[in-house]
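Here is the structure we will look at.
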Protein chains: 2
Amino acid sequence: MAIHALTMLARWDRSLTSAEIAESLASNPVLVRRILGSLRDAGLVSSTEGRGGGWSLARGAREITLYDAYTAVEAGPILSRHAHPPSDACEVGRHMQNLLETEFRDAEQVMQERLGRTTIAHLVQQVLAAERGAAPANH
Amino acid sequence: MAIHALTMLARWDRSLTSAEIAESLASNPVLVRRILGSLRDAGLVSSTEGRGGGWSLARGAREITLYDAYTAVEAGPILSRHAHPPSDACEVGRHMQNLLETEFRDAEQVMQERLGRTTIAHLVQQVLAAERGAAPANH
DNA sequence: TCGAACTGCAACTAGATTAGTTGCGGTTCG
DNA sequence: CGAACCGCAACTAATCTAGTTGCAGTTCGA
């Protein structure tokens with residue numbers, strides 16, 4: 001939802017209301033405000049209150065990656081850790097948490113790097129290209 | 001939990017009961033059987049019933065990666081998709097699902113590749129090394 | 001041949017999380 | 001002043017997960 005909203009803001013390059021974004025998401029304005037609120041806290045978008053208000057990008061679409069959006073809305077780790085520490089009495093249990101922490105952090109990082117290589121601008125470009133393809137120019 | 005269990009089986013290279021594994025996990029036997037059941041369905045471990053029964057690896061620890069364990073127990077995608085399809089009336093909404101599917105699949109794949117490069121044998125090795133380090137040889 | 005020690009499985013509970021909703025207060029602008 | 005916005009808290013409903021209980025089936029050894 002965050003990426004979808006960011007892409008909309010970049011596509012039309014004007015202030016959009018949470019109601020407009022919610023419509024495209026087939027969702028509801030409060031939910032959109034919640035998510036965009038996180039994006040604002042992360043410095044990706046800004047909002048203005050009152051009549052005529054709405055949301056817009058706080059920086060260029062080329063300077064916002066999917067990773068930025070990801071970390072803004074998703075708090076914790078992706079790979080689930082042990083819910084509670086394993087037994088210290090077991091040779092394996094004693095070290096598992098540390099080992100997994102290292103492995104998982106590594107794995108999460110390569111994924112984040114991949115997300116960091118796609119920008120919102122890139123998505124807008126692909127949306128426009130798809131539109132041209134689907135509805136070829138009227139001569 | 002799956003990785004922890006696999007590592008235990010590899011470490012001692014003998015049949016372990018779900019109760020033994022559960023103790024190290026500070027969890028409970030039924031839960032362990034549920035997880036090892038998935039690993040068995042994936043061909044990573046085998047179980048024998050009855051007295052003296054238990055679980056053991058179905059192939060060498062060097063031939064089991066964290067990715068194998070991961071896919072055996074985690075069904076769906078990691079990155080959450082749109083809960084329901086966005087509006088078709090919106091230029092962005094029309095294409096977002098496809099675009100994100102591509103991006104997310106890519107991102108998930110690099111993570112899976114990373115998980116596929118660590119084997120259970122590697123973890124056992126690290127556990128043993130850590131044990132040597134923590135409790136240096138008695139002369 | 002009985003009984004202890006196992007796995008297998010279904011049904012249930014409790015808690016956490018998530019999408020979605022409602023309601024209200026504050027801000028801006030015409 | 002009032003319409004059109006955002007901000008926020010409180011609530012609901014659905015889903016997911018860990019954990020539990022209970023019982024049936026299997027195996028082996030005394």
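Owing to the predicted nature of the structure, the values given are computational and were not obtained by experimental measurement. Per chain, numbering begins at 1; letters A, B, ... match sequence-line order.
OP1 or OP2 of dC6(D) has not a single side-chain nitrogen or oxygen of T17(A) nearer than 4.0 Å. Applying the 4.0 Å criterion to OP1 and OP2 of dC5(D), one finds that R33(A) has every side-chain N and O outside that range. Between S18(B) and dT7(C) there is a side-chain polar atom (N or O) within less than 4.0 angstrom of OP1 or OP2. Considering only side-chain N and O atoms, T48(B) lies nowhere under 4.0 angstrom from the phosphate OP1 or OP2 of dT26(D).
When side chains are defined from C-beta on, I3(A) does not count as touching E103(B), because their heavy atoms never get closer than 4.5 Å. At a threshold of 4.5 Å between non-hydrogen side-chain atoms, the residues L39(B) and L36(B) count as touching. When side chains are defined from C-beta on, M8(A) does not count as touching E20(A), because their heavy atoms never get closer than 4.5 Å. For the pair N98(A) and H95(A), the minimum side-chain heavy-atom distance is 4.5 Å or more. With a 4.5 Å cut-off on side-chain heavy atoms, T118(B) and D106(A) do not count as touching.
Counting to the nearest Å, the P atom of dA19(C) and the CZ atom of R81(B) are 15 Å from each other.
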Show me the donor-acceptor pairs, under 3.5 Å and distance only, between side chains in residues 85-93 of chain A and residues at least two apart or in other chains.
| residue | atom | partner | partner atom | Å |
| --- | --- | --- | --- | --- |
| S87(A) | OG | A89(A) | N | 3.0 |
| E91(A) | OE1 | R11(B) | NH2 | 3.3 |
| E91(A) | OE2 | R11(B) | NE | 2.8 |
| E91(A) | OE2 | R11(B) | NH2 | 3.1 |

Donor-acceptor contacts under 3.5 Å from residues 41-64 of chain B side chains, at least two apart:
| residue | atom | partner | partner atom | Å |
| --- | --- | --- | --- | --- |
| S47(B) | OG | R40(B) | NH1 | 3.0 |
| T48(B) | OG1 | G54(B) | N | 3.4 |
| R59(B) | NH1 | E63(B) | O | 2.6 |

Please set out all donor-acceptor pairs under 3.5 angstrom arising from side-chain atoms of residues 70-83 of chain A, sequence neighbours excluded.
| residue | atom | partner | partner atom | Å |
| --- | --- | --- | --- | --- |
| T71(A) | OG1 | Y67(A) | O | 3.0 |
| T71(A) | OG1 | D68(A) | O | 3.2 |
| R81(A) | NE | E101(A) | OE1 | 3.1 |
| R81(A) | NH1 | L79(A) | O | 2.8 |
| R81(A) | NH1 | E108(A) | OE2 | 2.7 |
| R81(A) | NH2 | E101(A) | OE2 | 3.0 |
| H82(A) | NE2 | H4(B) | ND1 | 3.4 |

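Along DNA chain C, the nucleotide nearest R51(B) and the nucleotide nearest G37(B) are compared for position; the residue whose nucleotide lies closer to the 5' end is R51(B).
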What pairs of nitrogen or oxygen atoms, one from the protein and one from nucleotides 12-15 of chain D, lie under 3.5 Å apart?
none

Give me, pair by pair, the N or O atoms of the protein and of nucleotides 17-20 of chain D that are less than 3.5 Å apart, along with how far apart they are.
| residue | atom | partner | partner atom | Å |
| --- | --- | --- | --- | --- |
| dG19(D) | OP1 | H84(A) | NE2 | 2.5 |
| dG19(D) | OP2 | S27(B) | OG | 3.3 |
| dG19(D) | O6 | R34(B) | NH2 | 3.1 |
| dT20(D) | OP2 | N28(B) | ND2 | 2.6 |
| dT20(D) | O4 | R34(B) | NH2 | 2.6 |

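A rotation axis mapping the C1' atoms of four pairs onto the next four is fitted at both ends of the helix from dT1(C)-dA30(D) to dG30(C)-dC1(D) over five pairs, and the angle between these axes is 0° to 10 degrees.
Here the CZ-CG distance, from R94(A) to L99(A), works out to 12.5 Å after rounding to the nearest 0.5 Å.
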